[in-house]
Amino acid sequence: MTLRYLVIILFFVFGCKPIEPVNFIEVKDVKINRSKDDGIFITAQIILENPNKVKITINEVDVDIYAEDIVLVSVNDNIPRELKENTESTIDIEGLINVDNLEKILNQKGLAIILGNEDIGLKFSGKIVAKAYGIKDEIEINYTIDSVKGLIN
């Protein structure tokens, strides 16, 4: 009887692999869109890789989008999402551009941007909080897009 318990314990000790951290891959499909009520939104997809054999739950997305070191958009999302096991998954984000901060950028570089002499980039910075079996993992987001040309719809 004790041999059976020893086998079960050894199975759990050697058979259970610890949860590996989720990997940030990239940000893609970034778009700047105007809404029906004259707001301006930035949408994007954050690509994550779940290397585990279990589903991971995303509990929080806290990402700021900067242009010229000024925060244009703050995305704070607490909608639970699941990352499937052993695969890449996409997290869609969307945020309303802070018009006052956009005005600051345009006051600094507006004419040069309009004339095509200068371009601005976008920096995505923040974290995504994931959990599996009650174990919390913070995925750091740090990604830069060099040019906003072609992103405006």
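The figures here come from the full heavy-atom set of this structure, side chains too, leaving out hydrogens, waters and symmetry mates.
- When all heavy atoms of Ile120 and Ala67 are compared, the closest pair comes out as CD1-CB, 4.2 Å.
- In terms of heavy atoms, Pro51 sits closest to Asn23 at CG-ND2, 4.3 Å.
- Residues Phe24 and Asn142 approach most closely at CE2-O, 4.1 Å, considering heavy atoms.
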Evaluate the side-chain contact (heavy atoms from CB on, under 4.5 Å) criterion for residues Val75 and Glu94: first the C-alpha distance (whole Å), next the side-chain angles of each, then the deciding distance (0.1 Å), finally the verdict.
-> CA-CA 7 Å; Val75 176; Glu94 176 181 81; over 6 Å; no
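- Linking ILVMFWY side-chain heavy atoms closer than 4.5 Å, directly or via other members, places Leu106 and Val71 in two distinct hydrophobic clusters.
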What's the verdict on side-chain contact (heavy atoms from CB on, under 4.5 Å) for Phe124 and Ile93, showing C-alpha distance, side-chain angles and the deciding distance?
-> CA-CA 11 Å; Phe124 294 76; Ile93 62 169; 4.3 Å; yes
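- In this structure, the separation between NZ on Lys28 and OH on Tyr143 is 10.0 Å, given to the nearest 0.5 Å.
- Qualifying salt bridge (charged side-chain N to carboxylate O under 4.0 Å, His left out) partners for Glu85, counting only residues two or more places apart in sequence or in other chains: none.
- Here the straight-line distance linking atom CD1 of Ile145 with atom CD1 of Ile65 works out to 8.5 Å at 0.5 Å rounding.
- The two residues Asn52 and Glu20 come nearest to each other via the heavy atoms OD1-N, 2.7 Å.
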Would Ile58 and Leu48 satisfy side-chain contact (heavy atoms from CB on, under 4.5 Å), going step by step from the backbone distance to the final call?
-> CA-CA 11 Å; Ile58 299 295; Leu48 302 173; 4.1 Å; yes
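- Following chains of ILVMFWY side-chain contacts shorter than 4.5 Å, one can reach Ile40 starting from Val73, so the two form part of one hydrophobic cluster.
- Asp77 places a side-chain N or O within 3.5 Å of a backbone atom of Ile79 that can act as its donor or acceptor partner.
- With hydrogens and angles left out, the side-chain atoms of Asp64 and Ser74 include a donor and acceptor closer than 3.5 Å.
- A 4.5 Å side-chain heavy-atom check between Thr43 and Asp92 finds every atom pair outside the cut-off.
- The distance from atom CZ of Arg81 to atom CG of Asn59, rounded to the nearest 0.5 Å, is 10.5 Å.
- In terms of hydrophobic clustering, with Ile, Leu, Val, Met, Phe, Trp and Tyr side chains grouped at heavy-atom distances under 4.5 Å, Leu102 and Val30 are assigned to a common cluster.
- Other residues sharing the hydrophobic cluster of Ile25, ordered by chain and number and joined by side-chain separations under 4.5 Å: Ile47.
- Rounding to the nearest 0.5 angstrom, the gap separating the CG atom in Asn98 from the CD1 atom in Ile105 is 9.5 Å.
- Summarising the geometry, atom CG belonging to Leu122 is positioned 5.5 Å from atom CD1 belonging to Ile32; distances are rounded to the nearest 0.5 Å.
- Remark: Asn78 CG is packed, more than 12 non-hydrogen atoms of other residues, nucleotides or ligands lying under 6.0 Å away.
- Atom CG of Leu96 sits about 10.5 Å away from atom CG of Leu72, to the nearest 0.5 Å.
- Legend: salt bridge (charged side-chain N to carboxylate O under 4.0 Å, His left out) pairs involving residues 123-145, not counting sequence neighbours, sorted by first then second residue: Lys127-Glu138, Lys136-Glu138.
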